[in-house]
Amino acid sequence: MRHIIILFLLLCMGLQTRAQSASDILAYIEKYKGIALEQQRRHGIPATITLAQGILESGAGKSGLTRNSNNHFGVKALGGWSGSVYKAWDDEPQKSSFRVYASASESFEDHSKVLLAPRYRSLFSKSIYDYRGWAIGLQRCGYATAKNYAVALIGFIDTYKIYAVNGGVKLRPGKTVVVRQTRESAPPTFDDDCQMDEEEQSEEEQTVKSAVERFVVDINDVACTILYPGTTLSTIAMQYDIPKDQLLEFNEVVVEEDLHEGDIIFLDKKKKKYTGPKDFYTVREGDTMYGISQQFGIKLVNLAKMNDRDIDEKLYTGDKLRLK
């Protein structure tokens, strides 16, 4: 089964990271909305979905893959591809080959061809304004491996008002999209029942905003990022050109299932002690030794050793832990 690796957020090669700001995302929408609308006109794929996928999968155009290959959607060099390739880590034991395009337009067109495959045929019975139906449908059809891929797409569309690009509205979950258009050139109108007030936050919007607000560039002078909605550890491996096994090692976990959405992901080895201004940390309810080691970028065994504790020892609210 063909899997397209999801991309999300920031980076250049060599761990030169920077935050993906709202202005980056808005600039991406402005830059590529014309191409997305052309794909909608030619192939019937909602421009909202194309743009949201591009933002998520290319880190708003900042991922290493996109910067080096014009590949906005993580399309691998399979299926008789005879063009140039760019190699990057993902979920394979060796680097995978991804397609290199001469322009972003070629990448968007190739992405449309992917969605025109028979497995996605059922999506085209939905309105081009029904971005919720398309997002959920893509996940159900197996487009991506991340369990919350649809949530991420809808969250980005709602947060950055991408629905306005093709004349749509913010959709209320669970309601049928009813569009009325008197003539082809006239703007569509929507039944009130399916619309959500723009100031009202959807659950998906809250999820995306919460994750983006947690973005970090480094902790304890160690490069790191966040496991965002709609992404996997393979996404991070590809973005930063780091084997997934090394990411597991850096974050002191055995299997990927030990990591969860919103977790800090270190991109290099944590340090033996904290180099910041704090000498001690006061334990809060729910804290664990591992969680604190991630919060401050300290190797778990070193944090435990300097506090004469076991790595899995239960902590109590109010306890003080040495950080250096």
Taking the side chain from [X] and the backbone from [Y], do they hold a donor-acceptor pair closer than 3.5 Å?
X      : Y      : value
Asn220 : Gly297 : yes
Thr66  : Asn71  : yes
Ser107 : Ser103 : no
Lys324 : Phe280 : no
Asn148 : Val151 : no
Arg132 : Leu171 : yes
Glu106 : Ala102 : yes
Arg322 : Asn307 : no
Ser210 : Gln206 : no
Asn68  : Gly64  : yes

Side-chain heavy atoms nearer than 4.5 Å, only ILVMFWY residues, links allowed to pass through others: does that put [X] and [Y] together?
X      : Y      : answer
Ile157 : Phe190 : yes
Leu303 : Leu315 : yes
Ile219 : Val301 : no
Ile49  : Tyr129 : yes
Tyr32  : Val114 : yes

Any heavy-atom pair between the side chains of [Y] and [X] that's under 4.5 Å?
X      : Y      : value
Lys273 : Leu323 : no
Lys33  : Leu51  : yes
Val222 : Lys271 : yes
Ile29  : Ile55  : yes
Asp193 : Arg172 : no
Val75  : Trp81  : no
Asp110 : Phe73  : no
Gln40  : Asn166 : yes

Non-hydrogen atoms of [X] and [Y] that approach each other most closely:
X      : Y      : result
Thr207 : Pro229 : CG2-CG, 3.8 Å
Ala150 : Gln139 : N-OE1, 2.7 Å
Ile45  : Thr50  : CG2-OG1, 3.6 Å
Gly54  : Tyr28  : CA-OH, 3.4 Å
Leu123 : Gly133 : CD2-O, 4.5 Å
Gly74  : Leu65  : CA-CD2, 3.9 Å

- Task: Kindly indicate, with the supporting measurements, whether the criterion side chain to side chain contact (heavy atoms under 4.5 Å, CB included) is fulfilled by Asp241 and Lys95.
- Result: CA-CA 9 Å; Asp241 200 25; Lys95 285 190 174 184; 3.0 Å; yes
In sequence, state the C-alpha distance, the side-chain angles, and the governing distance for Trp89 and Ile242, and then conclude on side chain to side chain contact (heavy atoms under 4.5 Å, CB included). CA-CA 6 Å; Trp89 291 104; Ile242 303 172; 5.7 Å; no
Please determine, by modelled atom types, if [X] and [Y] share a side-chain donor-acceptor pair under 3.5 angstrom.
X      : Y      : answer
Tyr149 : Gln53  : yes
Ser234 : Asp90  : no
Ser293 : Lys299 : no
Asp158 : Tyr131 : yes
Asn251 : Gln294 : yes
Gln195 : Lys175 : no
Glu285 : Thr317 : no
Tyr290 : Asp312 : no

Working note: Lys161 + Glu205, criterion salt bridge (Lys or Arg N to Asp or Glu O under 4.0 Å); need CA distance, chi angles, decisive distance, verdict. CA-CA 10 Å; Lys161 298 179 171 55; Glu205 183 177 354; 6.0 Å; no
Let's go through Glu109 and His43 carefully: what are the C-alpha distance in whole Å and the side-chain angles of both, what is the deciding distance for side-chain hydrogen bond (donor to acceptor under 3.5 Å, both in side chains) to 0.1 Å, and is it a yes or a no? CA-CA 9 Å; Glu109 175 68 21; His43 302 296; 3.2 Å; yes
Walk me through whether Asp319 and Thr282 qualify under side chain to side chain contact (heavy atoms under 4.5 Å, CB included).
CA-CA 6 Å; Asp319 286 352; Thr282 302; over 6 Å; no
Worksheet item: Run the side chain to side chain contact (heavy atoms under 4.5 Å, CB included) check on Glu261 and Leu227 step by step: do they pass?
Response: CA-CA 5 Å; Glu261 178 184 304; Leu227 189 59; 5.5 Å; no
- Query: So, for Phe124 and Trp134, is the gap between ring centers shorter than 6.0 Å?
  - Reply: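 Yes, close enough.
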Margin query: Aromatic contact between Phe296 and Tyr274, with the criterion being ring centroids under 6.0 Å apart: yes or no?
Written below: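 Centroid distance Phe296-Tyr274: below 6.0 Å, so yes.
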Lys244 bridged to Glu249 by N-O distance under 4.0 Å =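 No salt bridge links Lys244 with Glu249.
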Working to the nearest 0.5 angstrom, can you tell me the gap between [X] [atom1] and [Y] [atom2]?
X      : Y      : atom1 : atom2 : result
Leu116 : Lys113 : CG    : NZ    : 9.5 Å
Leu138 : Leu115 : CG    : CG    : 6.0 Å
Asn302 : Ile298 : CG    : CD1   : 8.5 Å
Thr145 : Asp91  : OG1   : CG    : 7.0 Å
Arg140 : Arg119 : CZ    : CZ    : 15.0 Å
Leu321 : Asp308 : CG    : CG    : 11.0 Å

message: Surrounding NZ of Lys209 (heavy atoms of other residues, nucleotides or ligands, distance under 6.0 Å), is the total greater than 12?
response: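 Yes, because the 6.0 Å sphere around NZ of Lys209 holds more than 12 heavy atoms from other groups.
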**Request:** Check the pair His72 / Tyr101 against ring pair (Phe, Tyr, Trp, His ring centres under 6.0 Å), numbers first and verdict last.
**Result:** CA-CA 10 Å; His72 286 246; Tyr101 301 101; 8.8 Å; no
